[in-house]
Amino acid sequence: MHLQLALKSRLLKSIGIFLHVSGAARSSGRPEVLGVGFVVRSVREVFDESGAAGRLRVPVAAWRWATGTGLVPVADVGPGRWSRAVVEAADPEAVRAALRCIDAGTAADRLTEALGVPLPIPRPRVTASGIGHLVRAGLLVYLGGDPQFPDVHVDQVAALARRRDLPALLDRHVPLGPEQAAVRLGVRRTDFDQVVRLGWITPVGSVTVDYRRQGEVTTVPLYDAQEIALLEVIRPSVEWRAVRTVAAGRRSPLGALTPHAPAGDWVFLAEVARIARAGRAAVVNWRRRHDDFPDPVAGTDMHPQFDCRAVVAWLLAHDKIEILTGPTIATLVLAEVGGASHRFRLDDPWLDLADDAGGEDTLSGWSTDEAADTMAALAAGEFGAVLRRLAAPGAGPLAVPGEVRVIDRFRSGSGGLRLTLAWPAGLRGTAAPGPAGGVVRHGVAYAGSGEACVCAHHGCGGVVPVSWCAEHGDAVGPVLEWHPAAGSAAPICPNRVASRPHGVGQTGRPDG
């Protein structure tokens, strides 16, 4: 009897029916069924992201992306919680198809590429940890993986890479370690250590790095990239060119400066004016007209002092200053004629291109002593140096097949060295793509037979015409031709001269 009742109970429970058995019957061991009831099983009405993804049988990352992009409604029950109606109304196939996930390292490489190759300013590469900071800033949706190195959506990374304010976004949201900070400022690591010693910048956080191979854990300080980018603006009295061009092994020009008082970094109105590159009267006017201008923290009524950070924040908010993208630089690949190539960098470059082929181009910029000595040695030969590739602001990649010379070396009072290079404008050409460079094409006078030519000839086949040359002098009015150099193919200018002697090659103007 007991066995039969137990079997019936299990059967009825399986279909949602249960038996009521009296307590006396249970204590006496005699079965006594008092009644039969019905049970309504509880139904799940609220889902978190894992439950919602499980209900739709899609990856959790797919549900996160769907919620982050509006493919499904926002959480309607509470933070991170959706009702049953919202979850079941979602299209599983659409949610699953929308997911296109990449890891943080790949995303970082794509943002670095978007900044420019090579990087247009002294700027560190975007790292995988930087992607984590962009996620926490709300610029990317977290799809899974380690929160410090998260997986993100490839389309969202591509959209971020297309933004023109990408450098400013990175400065605002991605802190930098000491090595990265030195690169961002365009100085040596020892020079950045001096910046920290002076109290001009302080850490905003830290990260623990586990060097498993060395068996040690190191805490690395993190610095605000926006503060680093503003250092050159905030400290106008520092000759940053000299700091950036100091030779390796030399003492930093910042080493002779005294840290500001521990009480704070305070500035007078005159210093605020220098930061804003305005007159003192303009700053006084801003203070009088704007109620939110920072209050003085020290000084007197006639000579008030202000907290430097508060003043800079106000100037930024009111568009009185802007974050520098970084020091402008020129990179050049220089070589002795027929020799190996060497890469150099010039800070704050000035490129002056002549208007005609008979003039001279010049390039000047701040350099290190070692680099200046090497460039001078390369250009010391009879035919000067070869400029295989020059990348400078405001001009396309340039190359010169020879006759590049160092014409001036100027040293400032603080030790910075400014170098000037020059070459015949008639030999200036377009550089080949890639880091090695080399002339793709340039405008030169057509050489003809060469029997009566007294012009200066070059290995690429071009000449620099002189007025008394029978073939290319002023009397014959030479035309210029796009021609290949060093075996590289180059197009002929379409503006060809219709009438020319038999046997003369295709010619045209250099600006064609």
Side-chain angles (χ1 to χ4, degrees), residues 330-346 349 351-365 371 374-392 395-407 419-450 453-466 469 471-473 478-493 505-512:
T331 58
L332 58 155
V333 179
L334 207 64
E336 183 182 5
V337 176
S341 299
H342 301 268
R343 182 175 296 274
F344 302 96
R345 160 183 163 177
L346 294 178
L351 178 63
D352 186 12
L353 300 178
D355 294 330
D356 59 79
E360 188 173 65
D361 299 336
T362 59
L363 169 69
S364 62
T374 304
M375 281 188 270
L378 292 172
E382 181 180 357
F383 300 103
V386 173
L387 179 60
R388 298 195 184 280
R389 183 178 181 85
L390 168 64
L398 302 178
V400 182
E403 294 198 22
V404 177
R405 308 175 314 282
V406 175
I407 63 172
L419 193 71
T420 302
L421 303 165
W423 57 83
L427 296 182
R428 178 207 321 150
T430 302
V439 178
V440 171
R441 62 183 187 179
H442 66 270
V444 295
Y446 179 69
S449 64
C453 179
V454 294
C455 301
H457 289 248
H458 292 270
C460 62
V463 299
V464 177
V466 294
C469 177
E471 293 190 9
H472 310 106
V479 292
L480 300 181
E481 171 194 5
W482 292 121
H483 77 285
S488 303
I492 298 298
C493 177
Q506 297 168 321
T507 59
R509 296 194 302 272
D511 59 351

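Note that the coordinates shown come from a computational prediction; the quantities given were computed from them, not determined experimentally.
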Would you name the heavy atoms of [X] and [Y] that are closest together and state the gap between them?
{"X": "R389", "Y": "A431", "answer": "NH1-CB, 4.1 Å"}
{"X": "A354", "Y": "A425", "answer": "CB-CB, 3.7 Å"}
{"X": "A330", "Y": "A392", "answer": "CB-CB, 3.9 Å"}
{"X": "L346", "Y": "S364", "answer": "CD1-C, 4.4 Å"}
{"X": "G402", "Y": "L427", "answer": "O-CD1, 3.7 Å"}

Subject >> Working for side chain to side chain contact (heavy atoms under 4.5 Å, CB included), residues L351 and L390 >> reply: CA-CA 10 Å; L351 178 63; L390 168 64; 4.1 Å; yes
**OP:** With L421 as reference, evaluate D361, T362, L332 under the side chain to side chain contact (heavy atoms under 4.5 Å, CB included) test and give the passing residue.
**Re:**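 Result: among D361, T362, L332, L332 is the only option passing the side chain to side chain contact (heavy atoms under 4.5 Å, CB included) with L421.
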Original post:
Per the side chain to side chain contact (heavy atoms under 4.5 Å, CB included) rule, which among L387, V386, I407 passes with W423?
Top reply: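 Testing each of L387, V386, I407 against W423, the sole residue satisfying side chain to side chain contact (heavy atoms under 4.5 Å, CB included) is L387.
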Original post:
Going by heavy atoms in the side chains, are E336 and L378 under 4.5 Å from each other?
Top reply: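 They are in contact (side-chain heavy atoms under 4.5 Å apart), so the answer is yes.
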**OP:** State which residues pass side-chain hydrogen bond (donor to acceptor under 3.5 Å, both in side chains) with T374; sequence neighbours excluded, sorted by chain then number.
**Re:**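 Counting only residues at least two positions away or on another chain, T374 forms no side-chain hydrogen bond (donor to acceptor under 3.5 Å, both in side chains).
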**OP:** Show the numbers, then the answer: is there a side chain to side chain contact (heavy atoms under 4.5 Å, CB included) between E360 and R405?
**Re:** CA-CA 11 Å; E360 188 173 65; R405 308 175 314 282; 2.5 Å; yes
Original post:
Listed by chain and number, what are the side-chain contact (heavy atoms from CB on, under 4.5 Å) partners of A371, not counting sequence neighbours?
Top reply: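 A371 satisfies side-chain contact (heavy atoms from CB on, under 4.5 Å) with F344, S367, T368, M375 only.
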